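Read the structure below first, then the notes.
Keep in mind that what you see is a predicted model, and the values were worked out from it rather than measured.
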Amino acid sequence: MYSNIFDHPEMKDAHIFELSNSPYKAQFYDSSFHFESNNKKIGIVDQFQGKRPAVLNREFVVDRKELQFYIVHTLILDSHIVDGLHRFISGKGKLDIDSRVVTKDFLKHVSKLNCDYSPMFYLAENMAKSSKDQFVKTSSEKLASILRLHCMEESSFVENEEIKYKKDALDHYYDLYGASNLDGCGANWAKSLVDSQELKYYIDLTRVSYACLLKMVLIHFMNPTINEKNILYKNKEFETFLTSELNILMAREVNLALYYFSNFAGKFVNVQPNMSFAKAVKNLKATAWDLLLLRLPEFLLTPSNLPEINTAYIVSSEEKLLSVGNMFNLESIFYSDLKSKALPKLSFNAEIFESVISKDKLDAVFRDREQLSLSRLQENLAAPISDSKLNWLIEDLENQLKYLCA
């Protein structure tokens, strides 16, 4: 199967990160888990099914060459976690006893693993909601706190819960950010990100995702009956919207839609017909950011970073995210070349749909979707929607939602 892909001349730089059929166990996690104290949690979400990705490319599949890699382990922190860590290390703001307990447990865990933890999601979310000056001001302190944790002597914290700093780590960050203390480093780090194209891309992606969610809810509100015929009709309508209006096939959104239309999405799409318009918009925008957070691990797992394989996991205290189960597990990630965007293939729990969709019909949905994705790739159909068109589309969808809300 894979040799057929890599035999094509235009796929000479293609890469596949295979997870579902990977023979390799993950280095650290075999499933999602959490730290808990009474009603407070910090959870780590594994979308890799307990696997380490197998890397497939022309060099390995066709030329039969052995590939050499090294593993990097990253934990991507949601904004609530960044805020909690900042409160813990700086002493600023309240942190109740249970939150303090789970924060210590989490920090002991990462100290034992000696892994990286990243505030990239917090930075994108903060940038989207702030002016440039506000972004620098509010991000600087929290980035300084993250750097303090990065400089922490792991054994002292694990054994005695003492916070001591490693001189070589301090010197590294002083040199990297051109400052004489960690507060200055945090400020310079924040200033360097003001015009970050990477963060802008993440923000733009949440707006596309928000448009998807608006359309998903509108389709369902207009035809709320849950039976096989309606679910399949709504699924087709949603896929058509993605390809014709947004010119993109969003893997997580298209998967989520089938769960949502079948009433299996739980609180992940938390909008009801009697809800106020303002609350519906707030909830959908929050879900769009949740979807970005879930996407970030695949952004770090790219062929351009090889021989580094960065296996990244989401860290969150949000129950909505911790309860997604296998709704968004990754089966594989495909790159047509070293600079292309990721094309993820997500796993799907077919068993829960048995009560509403026959196996044959469900198989046909995924067969058609895979064929659609492949044909769009071959014809190079995907092109970013313009900001002006996206703004117009969101405004139109929001106006339609106003009529359906209380």
Side-chain donor-acceptor pair present, [X], [Y], cut-off under 3.5 Å:
{"X": "Thr138", "Y": "Asn126", "answer": "yes"}
{"X": "Ser131", "Y": "Gln134", "answer": "yes"}
{"X": "Glu154", "Y": "Ser156", "answer": "no"}
{"X": "His73", "Y": "Gln27", "answer": "no"}
{"X": "Thr74", "Y": "Asn310", "answer": "yes"}
{"X": "Glu125", "Y": "Ser79", "answer": "yes"}
{"X": "Gln68", "Y": "Glu66", "answer": "yes"}
{"X": "Asn391", "Y": "Ser388", "answer": "no"}
{"X": "Tyr233", "Y": "Glu228", "answer": "no"}
{"X": "Thr287", "Y": "Asp290", "answer": "no"}
{"X": "Lys92", "Y": "His86", "answer": "no"}

Does the pair [X]/[Y] count as a salt bridge with the N-to-O cut at 4.0 Å?
{"X": "Asp30", "Y": "Lys25", "result": "no"}
{"X": "Lys137", "Y": "Asp133", "result": "no"}
{"X": "Glu161", "Y": "Lys108", "result": "yes"}
{"X": "Arg295", "Y": "Glu253", "result": "yes"}
{"X": "Lys132", "Y": "Asp195", "result": "yes"}
{"X": "Arg252", "Y": "Glu298", "result": "yes"}
{"X": "Arg367", "Y": "Asp360", "result": "no"}
{"X": "Asp204", "Y": "Lys200", "result": "yes"}

I need the [X] [atom1] to [Y] [atom2] distance, nearest 0.5 Å.
{"X": "Arg207", "Y": "Cys212", "atom1": "CZ", "atom2": "SG", "result": "12.5 Å"}
{"X": "Lys215", "Y": "Asp396", "atom1": "NZ", "atom2": "CG", "result": "8.5 Å"}
{"X": "Ile333", "Y": "Thr302", "atom1": "CD1", "atom2": "OG1", "result": "9.5 Å"}

* Flag yes if more than 12 heavy atoms outside Tyr403 fall under 6.0 Å of its OH atom; otherwise flag no. =>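 No, the 6.0 Å shell around OH holds no more than 12 heavy atoms from other groups.
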* To do: Please indicate whether Lys166 has more than 12 foreign heavy atoms, meaning atoms of other residues, nucleotides or ligands, lying under 6.0 Å from its NZ.
  =>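 Count over threshold, so yes.
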[X] vs [Y] side-chain heavy atoms within contact, under 4.5 Å:
{"X": "Ile314", "Y": "Leu77", "value": "no"}
{"X": "Tyr202", "Y": "Leu199", "value": "yes"}
{"X": "Phe28", "Y": "Asp46", "value": "no"}
{"X": "Ile76", "Y": "Leu300", "value": "yes"}
{"X": "Tyr335", "Y": "Ile16", "value": "no"}

For residues [X] and [Y], report the shortest heavy-atom separation together with the two atoms involved.
{"X": "Pro297", "Y": "Ala312", "result": "CB-O, 3.3 Å"}
{"X": "Leu322", "Y": "Ser316", "result": "CD2-O, 3.6 Å"}
{"X": "Ile309", "Y": "Pro53", "result": "CG2-CG, 3.9 Å"}
{"X": "Leu143", "Y": "Gly186", "result": "CD1-O, 4.0 Å"}

* To do: Verify salt bridge (charged side-chain N to carboxylate O under 4.0 Å, His left out) between Glu319 and Lys41, making sure each step is shown before the conclusion.
  => CA-CA 8 Å; Glu319 190 60 43; Lys41 290 182 182 180; 3.3 Å; yes
Are the aromatic ring centres of [X] and [Y] under 6.0 angstrom apart?
{"X": "Phe48", "Y": "Tyr29", "answer": "no"}
{"X": "Tyr259", "Y": "Phe261", "answer": "no"}
{"X": "His109", "Y": "Tyr117", "answer": "no"}
{"X": "Phe121", "Y": "Trp289", "answer": "yes"}
{"X": "His15", "Y": "Phe334", "answer": "no"}

* Apply the test side chain to side chain contact (heavy atoms under 4.5 Å, CB included) to residues Phe328 and Val45: give CA-CA distance (whole Å), side-chain angles for both, the deciding distance (0.1 Å), then the verdict. => CA-CA 10 Å; Phe328 300 111; Val45 180; over 6 Å; no
* **With Arg58 via side-chain contact (heavy atoms from CB on, under 4.5 Å) - residues at least two apart** =>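 Partners of Arg58 under the side-chain contact (heavy atoms from CB on, under 4.5 Å) test: Phe6, Lys12, Val62.
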* To do: Quick one: do Asp105 and Lys40 satisfy salt bridge (charged side-chain N to carboxylate O under 4.0 Å, His left out)? Show the steps, please.
  => CA-CA 12 Å; Asp105 287 344; Lys40 296 299 170 68; over 6 Å; no
* Would you please classify the geometry between the Tyr173 ring and the Tyr177 ring as parallel, tilted or perpendicular, with 30° and 60° separating the classes? =>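 Tyr177 vs Tyr173 ring planes: parallel.
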* To do: Look at the aromatic rings of Phe299 and Tyr201 and report parallel, tilted or perpendicular, splitting at 30° and 60°.
  => tilted
* Asked: Within 45° of the ring axis of Phe366 and under 6.0 Å from its six-membered ring centre, is that where the NZ or CZ of Arg369 lies?
  -> yes
* Residue pairs fulfilling ring-ring contact (aromatic ring centres under 6.0 Å, His included) with at least one residue in residues 127-148, sequence neighbours excluded -> none
